[in-house]
Protein chains: 2
Amino acid sequence: MDDIFKALNDETRRQILTLLSEKGSLTASEIHEEFEMSKPSISNHLNILRNAGLVTSEKKGQYIHYTLHTTVLQDLLVWMIKLNK
Amino acid sequence: MDDIFKALNDETRRQILTLLSEKGSLTASEIHEEFEMSKPSISNHLNILRNAGLVTSEKKGQYIHYTLHTTVLQDLLVWMIKLNK
DNA sequence: TGTCTAATTAGTTATTTACCTAATTGTATA
DNA sequence: TATACAATTAGGTAAATAACTAATTAGACA
């Protein structure tokens, strides 16, 4: 849970998730094009999102495709529901 | 949204929310008793939770009672649902 | 093989965060 | 009034975070 909350606590990372939600799979470079930020910084954000399980990555040749993975958000939902009991 | 994610990105603050969920309203001192942390630190956490709208506070004499306020979690839920579209 | 491109790793820096102790504010009550 | 207690504010420090540039790794292809 800690990794999820950490990953979501950044506007750039939330925008990346929204972007992937709208566009489907994108490469790191395609994601980079949408932000005014260096590629290494974007790469770091993608790594944090992957550690949290919020995106998956698949290597195709020299490209790495990132995809939104919302399954882990169920944990967050369960946490919210417990709080409301 | 930023304040909510920020507030939730800390284990102590999440535990405070869970505690309030279980026990109802508590004073800052009562909350402090449950943690091995100084009162000013707990006070600071409570302030962050209040800024996010996750708790409300009511002063009764020299005591301040803190209560869980989950309404703002609806914003989080909406955000999660949009991501899944 | 050499060069281009995609992406990450390494290393650095400024800012933010979470904690502490000491001091202050405000209320209750002997 | 003075003492005790609840809670916060003030001030300071160590660790974590987010950003950058430079360097490296690895695949594509002429």
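Below, chains carry the letters A, B, ... as their sequence lines are ordered, and counting in each starts from 1. All values reported here derive from a predicted model rather than from experimental measurement.
- Taking the 5' to 3' direction, DNA chain C first and last meets chain B under 4.0 angstrom from a heavy atom at C:dT17 to C:dA28.
- In terms of hydrophobic clustering, with Ile, Leu, Val, Met, Phe, Trp and Tyr side chains grouped at heavy-atom distances under 4.5 Å, A:Leu17 and B:Val78 are assigned to different clusters.
- Salt bridge annotation for B:Lys23-B:Glu34: present, with a cationic side-chain nitrogen under 4.0 angstrom from a carboxylate oxygen.
- At a non-hydrogen distance threshold of 4.0 Å, A:Gly61, A:Gln62 from residues 59-69 of chain A come into contact with DNA chain D.
- Taking a 4.0 Å limit (strictly below) on heavy-atom distances, residues 12-30 of chain B reaches DNA chain D at B:Thr27, B:Ala28, B:Ser29.
- Between the C1' atom of D:dA16 and the CG atom of A:Asp2 lies a distance of 12 Å, rounded to the nearest Å.
- In this structure, A:Met37 places its CE atom 16 Å from P of D:dT17, rounding to the nearest Å.
- Applying the side chain to side chain donor-acceptor pair (under 3.5 Å) test to residues at least two apart or on different chains, the pairs with a partner in residues 50-59 of chain B are B:Asn47-B:Arg50, B:Arg50-B:Ser57.
- Residues from residues 39-50 of chain B with heavy atoms under 4.0 angstrom of DNA chain D, sorted by number: B:Lys39, B:Pro40, B:Ser43.
- How far NZ of B:Lys85 is from OG of A:Ser21: 9.5 Å, rounded to the nearest 0.5 Å.
- Cluster annotation: A:Leu19 is connected to A:Leu68 through the hydrophobic network of ILVMFWY side chains, with a link wherever side-chain heavy atoms come within less than 4.5 Å.
- A distance of 4.5 Å separates CD1 in A:Ile42 from CD1 in A:Ile16, rounded to the nearest 0.5 Å.
- For the ring pair (Phe, Tyr, Trp, His ring centres under 6.0 Å) test, residues two or more places apart in sequence or in another chain that qualify with B:Phe5 are B:Trp79.
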